[in-house]
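Remarks on the structure that follows.
The chains referred to below are lettered A, B, ... by the order of the sequence lines, with proteins before strands, and numbering in each begins at 1. All values below were derived from every heavy atom in this structure, side-chain atoms included, with hydrogens, water molecules and symmetry-related copies excluded.
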Amino acid sequence: MSFSYLAGLTEAQKYAVTFGEGPLLVLAGPGSGKTRVITCRIAFLLEAGIRPDQILALTFTNKAAQEIVDRVVSLTGQKGIWIGTFHGFCARLLRRYARLVGLEENFTIYDEGDSLRVLRRAVERAQFPLVSHSLSDVAAAIHRAKNQLQLPEFFMPKDSAVPLELWRQVYAAYQEELRRQNAVDFDDLLLHVARILGEHPDIRGELDDRFRFILVDEYQDTNLAQYAIARALAIDYPNLTVTGDPDQSIYRWRGATLRNILEFEKDYPHVTVVRLEENYRSTGRILRVADALIARNRLRKPKHLFTRNPEGRPVRVLIFKSEQEEALGIAEEISRAVSSRQRRFRDFAVFFRLNVLSRPLETAFRQSGVPYQVVNGTEFFRRKEIQDLLAYLRIVVNPRDDEAFARICQTPPRTFGVRTLDRIREFARQRGLSLAEAIQEEDLFRELSPRMRKPLCEFAEMLRKLMEIPYGGAEAFVRTILDQSGYLQYLKAEGTPEAQERLANVEEFISVTRQFDLRHPGGGSLEQFLEEVALASDPDRWDETDDCVALMTLHAAKGLEFPVVYIVGLEQGLLPYEDSWRDMEELEEERRLLFVGITRAREELTLTRAVYREFRGQRRLTIPSPFLLELPRGEVEIEDRSEEQVGFVLEATSPVEERGQNFDLARGPECFLKQEENPRKPEGRLYLAKELLPHEADKSATEVPVTAGSLVLHVDHGLGRVVEVAEDEGEWLEVEFFALGRHLRLSPTDPRIRILPRKNT
DNA sequence: CCGGCCGAAATTTTT
DNA sequence: TTTCGGCCGG
Ligand SMILES: Nc1ncnc2c1ncn2[C@@H]1O[C@H](COP(=O)(O)OP(=O)(O)OP(=O)(O)O)[C@@H](O)[C@H]1O
């Protein structure tokens with residue numbers, strides 16, 4: 001009982017940490033200590049006498065949750081708070097209240113693959129035509145609906161050639177199929193819980209009473225369903241603390257909405273808003289680069305952020321010839337820094353927009369003897385052999401899991417295949433049975449060719465045996481399964497190099513089960529194991545105490561920090577991704593993504609790009625990311641290591657400069673985009689969130705007038721300048737593309753171009 | 001009714 | 001360059 005950690009906090013942080021009862025909104029920039037506030041606040045509440053099980057903390061990844069727990073334990077010695085991701089928390093609740101939504105406690109959590117297979121059958125059954133919409137369109141529509149808490153009856157997909165009634169039928173059929181299989185998809189975890197809380201006031205009241213203090217980190221990336229859940233639990237005891245940074249919202253595509261911040265203020269009119277303005281993480285230079293970049297976003301309110309950290313070294317932009325050289329260049333720098341004992345491997349992180357970009361890095365790191373970890377915990381579990389293995393476990397826990405049944409039927413290969421499986425499905429559907437039940441039925445064999453009888457009976461027998469395996473820890477169980485199912489034998493018999501790799505993965509899977517057993521000394525159930533696997537987040541399996549370089553996507557980097565950061569692939573089409581720049585909101589999310597990456601760096605930051613990059617086996621010339629042009633020239637050091645005379649080199653010695661006319665060379669890239677005057681907010685600590693968020697009106701202020709001299713960015717040809725505009729302004733533009741060396745006549749509404757705002761307009 | 005071969009497409013980020 | 005789906009021979 002010391003409260004000693006309070007001494008290490010700023011006044012603003014201390015205010016938030018020691019805030020008593022009532023709603024609290026902490027809106028602050030990167031590295032300002034939001035997570036620290038959450039952690040210390042939990043410790044504070046515990047020391048103030050709140051029981052651990054009355055505290056609920058919701059984080060973005062399991063890893064983040066674990067870190068907070070460890071820290072809280074080291075500060076207070078107390079355990080037993082409720083902490084996890086929204087999905088994890090909801091799964092836990094749903095186990096308890098499963099019956100209320102037609103499920104049983106042992107329900108399975110389906111991943112996207114399983115969900116899509118279920119949906120495919122729902123689409124067939126509802127006779128939904130997959131003409132104007134693909135299966136994944138339907139999946140996306142349902143996903144959106146669920147995140148908006150829309151049930152099938154209220155499903156309102158945006159206008160489509162398909163009648164509304166049909167949409168509702170597919171959605172309903174999909175839900176019915178999931179329920180039949182005693183399964184949920186990811187979104188159902190939230191939807192079902194939100195529904196239970198909404199429809200059962202007694203349960204809501206009981207849980208509200210139970211969770212006296214609720215804290216949500218990374219609040220800017222919550223969706224409507226998540227907010228509804230947090231809100232429902234904080235009505236009688238409105239002690240809800242949320243922390244977030246609108247500039248770090250990078251999951252809009254998954255339903256996250258900043259509206260939640262505004263809703264929060266509406267639902268809790270007496271909310272206290274705390275701003276943290278001091279960054280403790282990055283050097284002055286890194287922070288200024290980050291700030292200049294994010295200032296380009298229009299749908300944003302400016303935020304004041306300063307640091308007392310040293311200026312540090314300049315941010316670098318490195319240009320390489322190819323992705324191989326990019327990767328090797330980074331590997332060499334890391335090697336050098338480590339061998340000269342300036343750094344350790346674990347001081348470094350490399351971020352990329354797309355997972356595939358890790359490939360060349362991995363190759364180069366292996367070649368250079370640089371140890372690394374790819375931080376993608378979920379990918380491992382998506383491998384076929386792992387999914388197969390998991391299917392064996394799943395069917396034992398939930399025999400109604402038809403997706404697992406279907407997988408098991410197919411690997412190892414048995415003497416019956418998909419066709420027979422379809423027949424069994426049909427039979428099962430007619431009688432309302434699960435597949436596992438169906439193959440026990442004598443009647444089934446009358447509908448199948450007699451040849452199928454023997455293999456099916458053998459299969460049924462194997463299943464029965466699996467079900468009877470006594471459970472004594474996950475590892476022992478999986479070993480038995482591997483043996484009895486014949487899976488291990490099947491892989492060994494293959495003998496191909498791929499099979500070897502699969503065997504290695506199976507080995508690794510066993511070690512995952514071993515770690516699970518160790519983590520749960522009392523004996524974690526199989527159900528629990530499957531849930532952990534299903535809800536794993538990418539950084540979970542990353543061990544930061546291991547001395548190696550961390551490789552991860554920009555998304556996975558959220559919330560982390562490293563002394564030295566590299567961000568690769570700053571190219572049009574990668575970052576910003578594809579055609580996201582056509583839509584301002586999407587482009588701004590891409591910019592925020594880069595902003596998140598930049599602000600992970602404590603001391604050194606390097607952005608890189610390659611002049612050529614291999615794409616689908618083709619070597620292609622790349623276009624630099626327009627974001628590079630948005631970095632303040634005075635703060636960055638550009639170094640061209642490509643030795644290439646071709647390509648779009650907008651930095652340093654560019655064809656743009658040679659042609660000069662319209663460019664203000666002194667101001668460098670600054671002249672490309674208009675710098676918005678960001679009015680500073682009056683000093684003080686307490687603000688309304690409204691002031692920190694964009695006004696609706698800002699969104700319409702995006703029309704850019706086009707005249708001769710306007711700059712145009714083309715998706716294929718890069719930068720150009722308008723030389724002539726049609727009499728009737730809407731008709732055409734004559735654009736001179738610098739890298740192309742000639743004029744093109746384009747429509748001003750051509751989706752491939754974007755008109756850049758001019759200076760002083 | 002099954003597995004293998006060949007041609008065309010490749011649409012991110014993740015709980 | 002890889003992966004998936006469709007078609008055909010056993
Ligand atoms: N008052 C403080 N004194 C010293 N260091 C601090 C203080 N507050 C925060 N820090 C340090 O600053 C870094 C960033 O803190 P934290 O991760 O909590 O910030 P954050 O606002 O959650 O960041 P982000 O939003 O970028 O993820 C951490 O290394 C933390 O230890």
Give the rounded distance in Å between these two atoms: [atom1] of [X] and [atom2] of [N].
{"X": "Arg359(A)", "N": "dT12(B)", "atom1": "CZ", "atom2": "P", "answer": "16 Å"}
{"X": "Leu189(A)", "N": "dT15(B)", "atom1": "CG", "atom2": "C1'", "answer": "9 Å"}
{"X": "Phe615(A)", "N": "dA10(B)", "atom1": "CZ", "atom2": "P", "answer": "10 Å"}
{"X": "His143(A)", "N": "dT13(B)", "atom1": "NE2", "atom2": "P", "answer": "15 Å"}
{"X": "Phe595(A)", "N": "dT13(B)", "atom1": "CZ", "atom2": "P", "answer": "23 Å"}
{"X": "Leu357(A)", "N": "dT1(C)", "atom1": "CG", "atom2": "P", "answer": "18 Å"}
{"X": "Leu190(A)", "N": "dT15(B)", "atom1": "CG", "atom2": "C1'", "answer": "8 Å"}
{"X": "Leu560(A)", "N": "dT14(B)", "atom1": "CG", "atom2": "P", "answer": "13 Å"}

When the ring planes of Phe529(A) and Phe509(A) are compared, do they come out parallel, tilted or perpendicular, using 30° and 60° as the limits?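 The rings of Phe529(A) and Phe509(A) stand perpendicular, inter-plane angle above 60°.
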Whole-Å C1' distance, dG5(C) and dT12(B):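 It comes out at 23 Å once rounded to the nearest Å.
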Look at the side chain of [X] and decide which nucleotide, out of [options], has an atom nearest to it.
{"X": "Leu354(A)", "options": "dT15(B), dT12(B), dT1(C)", "result": "dT12(B)"}
{"X": "His555(A)", "options": "dT15(B), dT13(B), dT11(B)", "result": "dT13(B)"}
{"X": "Trp253(A)", "options": "dT12(B), dT15(B), dT14(B)", "result": "dT14(B)"}

Under 4.0 Å between a side-chain N or O of Thr553(A) and OP1 or OP2 of dT14(B)?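 For Thr553(A), the contact criterion (side-chain N or O under 4.0 Å from OP1 or OP2 of dT14(B)) is met.
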Hey, does the side chain of Asn355(A) come within less than 4.0 Å of dT13(B)'s phosphate (OP1/OP2), counting only N and O?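 Yes, because at least one side-chain N or O of Asn355(A) sits under 4.0 Å from OP1 or OP2 of dT13(B).
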Student check: side-chain heavy atoms of Tyr566(A) and Leu607(A) closer than 4.5 Å: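 When only atoms from C-beta onward are counted, Leu607(A) and Tyr566(A) do not touch, as no gap falls below 4.5 Å.
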Under the criterion of centre distance below 5.5 Å and interplanar angle below 30°, is Phe60(A) classified as stacked on the base of dT15(B)?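 Answer is no, no stack.
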Quick one: does Arg616(A) reach the base of dT1(C) with a side-chain donor-acceptor pair under 3.5 Å?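 Side chain to base: no pair below 3.5 Å.
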So is Lys558(A) actually on top of Phe60(A)'s ring, under 6.0 Å and inside 45° of the axis?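 Verdict for Phe60(A): a cation-pi partner in Lys558(A).
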Would you mind telling me which of Ile330(A), Leu570(A), Ile567(A) makes a side-chain contact (heavy atoms from CB on, under 4.5 Å) with Thr608(A)?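 So, applying the side-chain contact (heavy atoms from CB on, under 4.5 Å) to Thr608(A) and each of Ile330(A), Leu570(A), Ile567(A), only Ile330(A) qualifies.
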Between the side chains of Tyr577(A) and Glu586(A), is a donor N or O closer than 3.5 angstrom to an acceptor N or O?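 Short answer, no.
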Students often get this wrong, so: under 4.0 angstrom with heavy atoms, is Ala534(A) touching a base, only sugar-phosphate, or nothing?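 Contact class for Ala534(A): none.
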Checking all strands, does Phe86(A) fall into the base, sugar-phosphate, or nothing category for heavy-atom contacts under 4.0 angstrom?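 Since no nucleic acid heavy atom lies under 4.0 Å of Phe86(A), the category is nothing.
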